[in-house]
Amino acid sequence: MNGLVKYSTDNGIAIVTIDNPPVNALSPGVPEGIVECIKRAEADSSILAIVLIGGGRTFIAGADIREFGKITSGEKTRDIGLAPALLEIENCSKAVVCAIHGTALGGGLETAMACHYRVAVPQAKVGQPEVKLGIIPGAAGTQRLPRLAGIPKALEMCTVGDPINAPDALACGIVDRIVEDGLLAGAIAFAREHTAPLKTRERNQKLTADAAVFAAARAEVRKKQRGLMAPLAAIDAIEASLSMGFEEACAKEAEIFKQCLFSDQSKALIHAFFGERAVNKIPGIAKNTPVREIAKAAIAGAGTMGGGIAMAYVNAGIPVILKETTQDALDRGMATIRKNYAASVERGRFTRQVADQRLAMITPTLSYDGFGDADIAVEAVFEGMDLKKKVFTELDHVTSPGAILASNTSTLDIDQIASVTSQPQRVIGTHFFSPANVMKLVEVVRGKATSPEVIATAMALARKLGKVGVLVGNCHGFVGNRMVAPYLREAQFLVEEGASPREVDAALYGFGMAMGPIAMHDLAGLDVGWRIRQELAREGKLHTDLRQPLVEDRLCVMGRYGQKTGAGWYRYEAGSRAPIPDPEVDEIIASSASTAGIARRAVGAEEIIERTTYALANEGARILEEGFALRAVDIDIIYIFGYGFPAHRGGPMWHASAAGLRKVYDRVCEFERLHGEHWRPAPLLRELAESGKTFEDWDRARGAE
Ligand code: ZOZ
Ligand code: NAD
């Protein structure tokens, strides 16, 4: 028909195939094409029933998300016209059977629900993930889903947004039959059995529910999806199904949908959605760059990171050899891994059998035996250049020449590490975040000699491990930790100037961060930075002319390293991670400030948020102009997946752009006047602010989508 939707017949059954790769999104022309085909089938007296199916790897994955930006920017005024198209399908006088494989998501599930029947392969998934984009179903999903699956299920699916698998969809009434062999044949067979009479139209069914169900859903959202508007909006739309008829409730849904679509949260979440995919596109590395298969890994170091990384590999089905220097360290490392797996079994995440299988895939060792046939050797030993060089010299000898050598260093120069090897082109950083088996971010650090094939393999490997890999350049702290330094610095300065640690954390938690910076400092350990500062001081490299935080070193001297010692900025009860404000720390803060002549004052939440998040953006801008991150969106993804920055604020760079770079730049200049040289504005920030541009404009000018 129109190229995006194809029409064929099979002995009295019309087959309507959506052909809009890669994911059959409802781009302009798709809803129209479906309607055209349905009408053609309806008009043909030889047709008994219709099958609607997706070509390629999936049924419809939803609305074409790129269209949303065109609507909100005013480039397009018309919506995607899905709701009227769905009514045409539902009103068809012949049975329409939807055949689902891959995913039927968002507008895809809405399309499926407008059909009269649904069959699916067992591996198919269906869902209403719109909330993850800051919107709600906008084509009657909030009305048809409760009628098919019941209000509690619809509330869960529309607020959480996770898809459910086909057997669950069958159990709750979304799917009518699971088709084991041959989806199209199964759907045609189903259609022949269900040509007429049609089921009564779902949309006329009356719904009832207890008000308590909605109150509980709202309470759950407020607790688990802190700060998000769309899940609450989805509940409002579903609730409308009780008091209104189908059409009126659909109009209400459309109104709420539009409000959500134009919200800042939705724009930020859509930025994050595309950003997560954009980070895989690396200028200069062709899509068809050969990627090496990683079938076996060897890891040196079974400490905090080595153990977590080993779990990440075996969780993805890649067996691991785990090497330590002493039996004690090896036993400790394996005991931690066993304990972590036991905890997962206890929490019901997987069975004991699965945990045992995974454990069996880790071979503990004290020698390099077995490293010779590993496809990647990962170094996760103590942080120290001499040791790293020693280990890489050894890895260079014991591994096969085709293996990748990856360091987990958080601060050290990858080029220096690579310099001791015979093939620096196979050396790369894969910087995991703690706990490595849980945190989704991996900074893939490119050295100056790292080959495109090794980079492409590391990026593909990150995906295979279920992580988000972001390519970064080789500078101190790479991207994430380099930016954390000014963020933590400002958090501490704010405390010295009068905010309590709790006030700083509360402001940023309220902003949406997974945890506040002071609590994060306690979690990461204050001693790490203390040791680095002592080292820098010994080497005469500490910038003593610049204002330095006053309190952290005093806490370290007292042995208050953070959670691991039961006390840091806060104190902790044994076995608890809950931070408790400590008057002793308040006294240290007050006396440090007084000695340094810092006037204490009331510090509000707005200043706390601006000082910390603009410090991130200013450093991020410097990183961009120095070329250590490919795009601003890469920095956003690093912060969302590695540092708990709220996705609904789009990441630090997006957040600054949304606030207006002119405003951010002016504040940064003001902070420089008030607080000194730390705040010198990044030239890129000034340039963008003065030309009225955003970081996204900057990305676009560099060919990013
Ligand atoms: O891509 C995965 C996925 O989860 N996609 C998003 C699914 C989703 O969120 N659907 C809901 C959309 S919102 C909606 O549907 C609301 C609605 O109808 C409202 C209607 C009313 C309108 C009124 C207007 C006023 C998926 C699970 C599908 C596949 O995962 P994979 O890992 O296999 O593949 P990806 O993620 O790498 O994707 C492949 C390429 O496809 C692009 N893409 C995916 N979903 C898209 C989409 N592009 C546009 N729209 C979508 N829905 C994705 O960006 C990637 O592109 P490239 O260029 O990076 O290859
Ligand atoms: P850790 O002290 O917990 O573990 C290091 C382990 O390496 C120790 O068990 C030690 O016995 C072992 N080791 C030392 N020399 C070895 C050798 N020659 N062969 C095999 N094992 C050896 O340290 P960690 O926190 O796991 O850090 C490891 C690396 O990861 C460091 O480079 C660190 O900077 C980096 N990193 C740490 C974190 C974190 O939060 N802990 C986060 C990201 C990156």
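Worth saying up front: this structure is predicted, and the values here are computed from it rather than measured. Order of listing sets the numbers, starting from 1, for every ligand and every atom in it.
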Cut-off 3.5 Å, side chains only: do [X] and [Y] have a donor facing an acceptor?
X      : Y      : result
Gln225 : Thr159 : no
Asn24  : Arg57  : no
Tyr643 : Asn481 : yes
Ser27  : Glu67  : no

Flag the pair [X] and [Y] as a salt bridge only when some basic side-chain nitrogen lies within less than 4.0 angstrom of an acidic carboxylate oxygen.
X      : Y      : answer
Arg332 : Glu324 : no
Asp636 : Arg631 : no
Arg702 : Asp699 : no
Lys132 : Asp162 : yes

For this session: Could you tell me how the ring of His521 sits relative to the ring of Trp569: parallel (under 30°), tilted (30 to 60°) or perpendicular (over 60°)?
Result: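 Judged by the thresholds at 30° and 60°, the geometry between His521 and Trp569 is tilted.
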Considering only the protein, which heavy-atom contact is closest to [atom], and what is its distance?
atom                    : value
atom 8 (C) of ligand 2  : Glu324 OE2, 3.3 Å
atom 19 (N) of ligand 2 : Lys323 NZ, 3.2 Å
atom 40 (O) of ligand 2 : Ser434 CB, 3.3 Å
atom 25 (O) of ligand 2 : Thr304 CB, 3.7 Å
atom 34 (O) of ligand 2 : Ser410 OG, 2.6 Å
atom 4 (O) of ligand 2  : Gly303 CA, 3.3 Å
atom 35 (C) of ligand 2 : Asn408 O, 3.3 Å

As an exercise, identify every atom of ligand 1 less than 4.0 angstrom from a heavy atom of [X].
X      : answer
Gly107 : 14 (C), 15 (O), 17 (C), 18 (O)
Gly106 : 11 (C), 15 (O)
Phe274 : 54 (O)
Phe273 : 5 (N), 6 (C)
Pro22  : 40 (C), 41 (O)

Exercise. Closer than 4.0 angstrom: is that true for some heavy atom of Lys281 and an atom of ligand 1?
Worked result: yes
Problem set entry | Close approach, Arg57 and ligand 1, non-hydrogen under 4.0 angstrom | yes
I'd like to check whether [X] has a polar contact with ligand 2, where a contact means an N/O of the residue lying under 3.5 Å from an N/O of the ligand.
X      : value
His431 : no
Glu394 : no
Glu379 : no
Met305 : yes

Report the part of [X] (side chain from C-beta onward, or backbone N, CA, C, O) that has a heavy atom under 4.0 Å from ligand 1; answer both or neither where that applies.
X      : result
Glu110 : side chain
Pro129 : side chain
Asp64  : both
Leu133 : side chain

Exercise. Which of these passes salt bridge (Lys or Arg N to Asp or Glu O under 4.0 Å) with Glu379: Lys323, Lys389, Lys388, Lys390?
Worked result: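 That would be Lys388; it is the only one of Lys323, Lys389, Lys388, Lys390 passing the salt bridge (Lys or Arg N to Asp or Glu O under 4.0 Å) with Glu379.
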Relative to the heavy atoms of [X], which atoms of ligand 2 are at a distance of less than 4.0 Å?
X      : result
Lys388 : 31 (C), 32 (O)
Thr325 : 11 (O), 15 (N), 16 (C), 17 (C), 18 (N), 19 (N), 22 (C)
Thr409 : 32 (O)

Exercise. If you measure from each non-hydrogen atom of Leu387 to ligand 2, which part falls under 4.0 Å: side chain, backbone, both or neither?
Worked result: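 Near ligand 2, Leu387 shows its side chain, while the N, CA, C and O stay back.
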For this session: Just let me know how Phe432 lines up against ligand 2, side chain, backbone, both or neither, with a heavy-atom cut-off below 4.0 Å.
Result: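 Backbone only.
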Exercise. Given the protein's heavy atoms, is any one of them under 4.0 Å from atom 23 (O) of ligand 2?
Worked result: no
Could you name the option among [options] that has the heavy atom nearest to [atom]?
atom                    : options                : result
atom 29 (C) of ligand 2 : Val381, Ile309, Leu330 : Val381
atom 51 (C) of ligand 1 : Ala63, Ala61, Pro21    : Ala63
atom 50 (N) of ligand 1 : Ile71, Ile136, Ile65   : Ile65

Exercise. Where the side chain of Glu32 meets the backbone of Gly29, is there a donor-acceptor pair that is under 3.5 Å apart?
Worked result: yes
Exercise. For the side chain of Gln265 and the backbone of Gly134, is there at least one donor-acceptor N/O pair under 3.5 Å apart?
Worked result: no
Exercise. Do any nitrogen or oxygen atoms of Lys258 lie less than 3.5 angstrom from nitrogen or oxygen atoms of ligand 1?
Worked result: no
Exercise. Taking it one step at a time, do Asn437 and Asn315 satisfy side chain to side chain donor-acceptor pair (under 3.5 Å)?
Worked result: CA-CA 8 Å; Asn437 53 317; Asn315 291 351; over 6 Å; no
Problem set entry | Non-hydrogen atoms of Gly138 and Glu253 that approach each other most closely |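 Heavy atoms of Gly138 and Glu253 come nearest at C-OE1, 3.2 Å.
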Exercise. Do you know the tightest heavy-atom contact between Pro146 and Ile238?
Worked result: CG-CG2, 4.3 Å
For this session: Would you confirm whether the ring centroid of His431 sits within less than 6.0 angstrom of the ring centroid of Phe433?
Result: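 Yes, close enough.
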